[in-house]
Amino acid sequence: MKELIKALVETCGPSGSEEKVRELIAAEVRGLATSLEVDALGNLIAMVRGKGGGRRIMLAAHMDEIGLVVSHVDERGFLRFQPLGGVPTRTLVGGRVRFANGLRGAIGAEEKGLGQNDLPRFDQLFIDVGARSKEACPVRVGDVACFDRDFVDLGDRLIAKAFDDRIGCAILIQTLKELGETPNDVYMVFTVQEELGLRGAQTAAFGVEADLGIAVDVTRTGDTPEARTMAVGLGGGPAIKVKDRGMLTHRGVRQWMIDTAQVAGVPYQLEVLEAGTTDGMAMQTTKAGLPVGVLSVATRYVHTPSEMVDYQDVTNSVRLLVELLRRPPRL
Ligand SMILES: [Zn+2]
């Protein structure tokens, strides 16, 4: 599964520019799904028809990652930019970015008015693509970039940009590969623009009209030096969400996930997240409402160019989803 993960995280797909990620995922799932479609916003929906007796279940993982959009090119060819999604400026200075056409650049900071250890504001930062003038600059206002980082395999632990939420995409793809026969109609939805406010999941959930939903996304951890107190850590198994800032998960779905993990012998941990939310919130509040649970992958350094996950958590997340989907849900 590591090769699939590497391909996914090294692909550039900031919110609204998910095409390359979508192409990659479509190629992986084409032979496995009963139908494959792309909706108006760009969500990729892979449906597996069940053999009957089950329910219509929607799973969602978002294809987009946080990134930058160019807002101005100055006379000397330096680019000013705005964030796409929640980008902390402390992660940017000295970092590198990559544009859709492969062009790379370095992020610099203004020196006047900024002390060595000061946190810069976005308007004090710029991208340098090596251009000598505005005319010679190959980048235009509106062009988007992602962070430029390679996948690192440390054995049990993995480092990459965009584990949020390519690791969720990888888990859904692998679940589809291992699923086999199911009584349920399973809709694997790879959503767009989550980082801008769950926009893809909102329309996809409306269209799919599922009986039940599960979002798969990353969550933070409490297991690093002086971390926020949080009962989630790397290697503790898939995290079954209780609450985040946007939702309380459905009690029946949550219990079904816990019971299934216990019966199957899959380790799990319970998650209460202070900040942030997932596509689960948009699914839960679609139309007249949907029972929704969330499976989270414990991730250190979320929304930095070097996020870290535990590989066992990833494979255990696949095991749990396969177990959940193989039988009709019991709520
Ligand atoms: Zn996410």
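This one's a predicted model, so the numbers in the text were calculated from it and none came from an experiment.
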For residues 320-331, which side-chain N or O atoms pair as donor and acceptor with protein atoms under 3.5 Å away, sequence neighbours left out?
unit_1, atom_1, unit_2, atom_2, d
E323, OE1, R327, NH2, 3.2
R326, NE, L179, O, 3.2
R326, NH2, E178, O, 3.0
R327, NH1, E323, O, 3.1

Members besides V232 in its Ile/Leu/Val/Met/Phe/Trp/Tyr cluster (side-chain heavy atoms under 4.5 Å): M230, L273
Contacts of V29 that satisfy side chain to side chain contact (heavy atoms under 4.5 Å, CB included) - sequence neighbours left out: I25, L36, A46, I173, L176
Remaining members of the apolar cluster that contains I66, side-chain heavy atoms under 4.5 Å: L68, V70, V73, L79, F81, V87, L92, V93, V97, F99, L103, I107, F122, L125, I127, V129, V139, F147
By side chain to side chain contact (heavy atoms under 4.5 Å, CB included) - contacts of E209 (at least two apart): K287
Results of side chain to side chain donor-acceptor pair (under 3.5 Å) for Q255 - residues two or more places apart only: D259
Counterpart residues, side chain to side chain donor-acceptor pair (under 3.5 Å), relative to E271 (two or more places apart): T219, K241, S296
Please tabulate, for the side chains in residues 198-207, all donor-acceptor contacts under 3.5 angstrom to protein atoms that are two or more places apart in sequence or on a different chain.
unit_1, atom_1, unit_2, atom_2, d
R199, NE, L196, O, 3.2
R199, NH2, L196, O, 3.2
T203, OG1, G200, O, 3.1

With L24 via side chain to side chain contact (heavy atoms under 4.5 Å, CB included) - residues at least two apart: A7, L8, T11
Residues in ring-ring contact (aromatic ring centres under 6.0 Å, His included) contact with Y311, at least two apart in sequence or another chain: none
All ring-ring contact (aromatic ring centres under 6.0 Å, His included) counterparts of F78, not counting sequence neighbours: F126
With sequence neighbours excluded, residues passing side chain to side chain contact (heavy atoms under 4.5 Å, CB included) with E274: R228
